[in-house]
Amino acid sequence: MDEGYLRKWFDPQSRTLKDLRALQHEASLMLDLRDGFEELRTVAGIDCSYLDDRIICAIVMLDYRTLEVIGREHVVQKVRLPYIPTYLTFREGCAMSSAFEKLEQKPDVLLMDSCGINHPRRSGMASYFGAVMDHPTIGVSKKILCGEAEVPTEVSEYHELVYEGEQIGWIMKTSKRSNPIIAAPGHKVSMRACLEIVMHCLKGYKLPEPTRLAHLYAAELREELRSGKGHQTTFDEGYQRR
DNA sequence: GCGACAG
DNA sequence: ATCTTGTCGC
């Protein structure tokens, strides 16, 4: 992807929330909720951790059928924006797109720790990122940002997440001991495929493997940086003009 | 105005 | 997200 293009979509530098809101609206108009993939041979999870003023973005690629790890990638950058509900994209998007660009082979579908179309402006990070990068994505989260649903209590039980009269995702009980999780289409993934893909990636834990492993990898990298033994970590300037 | 609010 | 020990339950 062109650097100027990524800067336009992900750089919060000198922009107001009104500007960012306009970008989210623009991205939502680019959404396609039909399955935009052929076969599902690989799946990846992406997640971020933080250390002081730095953000660490980690990606773990898995074989879709066996869920075995077949690749990793990461990037460390300066944090550019505080966390503001409904604007998560502009806090993590720059690092995420940079890490994603480093992947030699892109996954057939990407699972992100965020909302998808289950967002007030239909522009949760998974949807925004997917639309901007033109890649199939799914948003997996632990809390409901918007919408209502019956709460599942038995493992494997799931219900529709509804907002303003329309289904925007699913809420599902994935393990006996944990609270249910929310899954929603990001971009180029249908509501039905979203459910099937996430359920396929479950391995008895609260979160699907891609996202769970990306979370662990991000935490691992964070610890390497903190202990100063970050021989594995690489700092990235990001696509910020300087 | 008040409360809710992905990570 | 992050700061943090033990503890209740399966």
Side-chain angles (χ1 to χ4, degrees), chain A residues 10 12 17 20-21 23-24 27-28 31 45-59 74-97 99-100 110-132 137-149 151 153-155 161-164 168-187 194 198 204-208 210-227:
Chain A
F10 296 112
L17 289 187
L20 302 183
R21 221 156 39 229
L23 283 170
Q24 290 181 321
S28 73
L31 285 180
I46 185 168
D47 189 32
C48 296
S49 63
Y50 296 83
L51 179 59
D52 301 322
D53 62 342
R54 285 171 293 181
I55 175 173
I56 301 118
C57 180
I59 300 179
H74 82 274
V75 83
V76 179
Q77 295 182 354
K78 290 290 185 185
V79 168
R80 301 163 177 239
L81 192 75
Y83 169 65
I84 303 172
T86 75
Y87 295 91
L88 179 63
T89 296
F90 305 104
R91 177 169 165 78
E92 307 189 329
C94 178
M96 291 212 160
S97 53
F100 189 73
L110 177 68
L111 270 59
M112 312 178 76
D113 259 47
S114 72
C115 287
I117 60 171
N118 52 331
H119 177 280
R121 293 177 289 285
R122 246 202 166 198
S123 207
M125 187 160 65
S127 289
Y128 190 98
F129 187 91
V132 169
T137 58
I138 289 176
V140 179
S141 50
K142 309 170 202 65
K143 298 176 196 168
I144 293 176
L145 176 61
C146 68
E148 303 170 343
V151 179
T153 58
E154 302 295 320
V155 174
L161 175 63
V162 177
Y163 183 59
E164 296 180 332
I168 54 174
W170 306 94
I171 178 168
M172 60 184 92
K173 180 82 173 172
T174 58
S175 87
K176 194 172 185 179
R177 64 196 94 79
S178 63
N179 291 322
I181 63 170
I182 294 85
H187 179 61
C194 165
V198 171
Y205 295 97
K206 176 174 186 174
L207 298 172
T211 289
R212 190 179 76 85
L213 295 179
H215 184 82
L216 289 176
Y217 186 37
E220 199 176 299
L221 292 167
R222 176 182 194 283
E223 190 47 46
E224 278 183 25
L225 279 180
R226 175 155 55 187
S227 65

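Every chain is numbered from 1 and lettered A, B, ... according to where its sequence line falls, protein lines coming before strand lines. Every heavy atom of this structure was used, including side-chain atoms; hydrogens, water molecules and symmetry mates were not.
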* Given Watson-Crick or G-U pairs with both distances under 3.5 Å, what dot-bracket string fits DNA chain C, with | for other-strand pairs and [ ] for crossing? -> ..........
* Structure fact -> Contact string for nucleotides 3-10 of chain C, one letter per nucleotide 5' to 3', B = base within protein heavy-atom range under 4.0 Å, S = sugar-phosphate only, - = neither, reads S------S
* Summary of protein contacts for nucleotides 2-7 of chain B, nucleotide by nucleotide, where a base hit scores B, a sugar-phosphate-only hit scores S (4.0 Å, heavy atoms) -> ---BBB
* Pair assignment for DNA chain B - dot-bracket with | for other-strand partners, Watson-Crick or G-U under 3.5 Å -> .......
* To do: With rounding to the nearest 0.5 Å, note down the distance linking CE in A:Met172 to CD1 in A:Ile181.
  =>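 Taking CE in A:Met172 and CD1 in A:Ile181, the distance rounds to 5.0 Å.
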* Calculate, to the nearest 0.5 Å, the distance between atoms SG and CG belonging to A:Cys115 and A:Leu88 respectively. =>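 So the SG of A:Cys115 and the CG of A:Leu88 are separated by 8.5 Å.
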* Asked: When A:Ser114 is tested against each of A:Met125, A:His119, A:Met96 for side-chain contact (heavy atoms from CB on, under 4.5 Å), which residue passes?
  ->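 Of the listed options, the one satisfying the test is A:Met125.
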* To do: Can you sort out the partners of A:Lys206 under salt bridge (charged side-chain N to carboxylate O under 4.0 Å, His left out), two or more places apart, ordered by chain and number?
  =>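 Partners of A:Lys206 by the salt bridge (charged side-chain N to carboxylate O under 4.0 Å, His left out) criterion come out as none, since no residue qualifies.
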Do [X] and [Y] have side-chain heavy atoms sitting under 4.5 Å apart?
| X | Y | result |
| --- | --- | --- |
| A:Leu221 | A:Val76 | no |
| A:Thr153 | A:Pro180 | no |
| A:His215 | A:Arg212 | no |
| A:Asp47 | A:Tyr217 | no |

* Asked: Can you list every pair that meets side-chain hydrogen bond (donor to acceptor under 3.5 Å, both in side chains) and has a residue in residues 85-94 of chain A, with sequence neighbours left out?
  ->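 For residues 85-94 of chain A: A:Arg21-A:Tyr87, A:Tyr50-A:Arg91, A:Tyr50-A:Glu92, A:Thr86-A:Arg121.
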* Would you check if the distance from the ring center of A:Phe90 to the ring center of A:Tyr128 is below 6.0 Å? =>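 Centroid separation for A:Phe90 and A:Tyr128: below 6.0 Å.
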* **Smallest separation among heavy atoms of A:Leu20 and A:Pro12, with atom names** =>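 Minimum heavy-atom separation between A:Leu20 and A:Pro12: CD2-CA, 4.4 Å.
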* Less than 4.0 Å between a side-chain N and a carboxylate O, is that true for A:Asp113 and A:Lys142? ->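 Judged by the 4.0 Å cut-off on N to carboxylate O distance, A:Lys142 and A:Asp113 do form a salt bridge.
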* Asked: Starting at CD1 of A:Ile46 and ending at C1' of C:dA1, how long is that distance when rounded to a whole Å?
  ->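 Rounding to the nearest Å, CD1 of A:Ile46 and C1' of C:dA1 are 15 Å apart.
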* To do: Round to a whole Å and report the spacing from CE of A:Met112 to P of C:dA1.
  =>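 After rounding, the gap between these two atoms is 14 Å.
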* To do: Give a yes or no on whether the backbone of A:His187 and the side-chain of A:Ser127 come within a donor-acceptor separation of less than 3.5 Å.
  =>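 No; judged by distance alone, with no hydrogens or angles, the pair does not exist.
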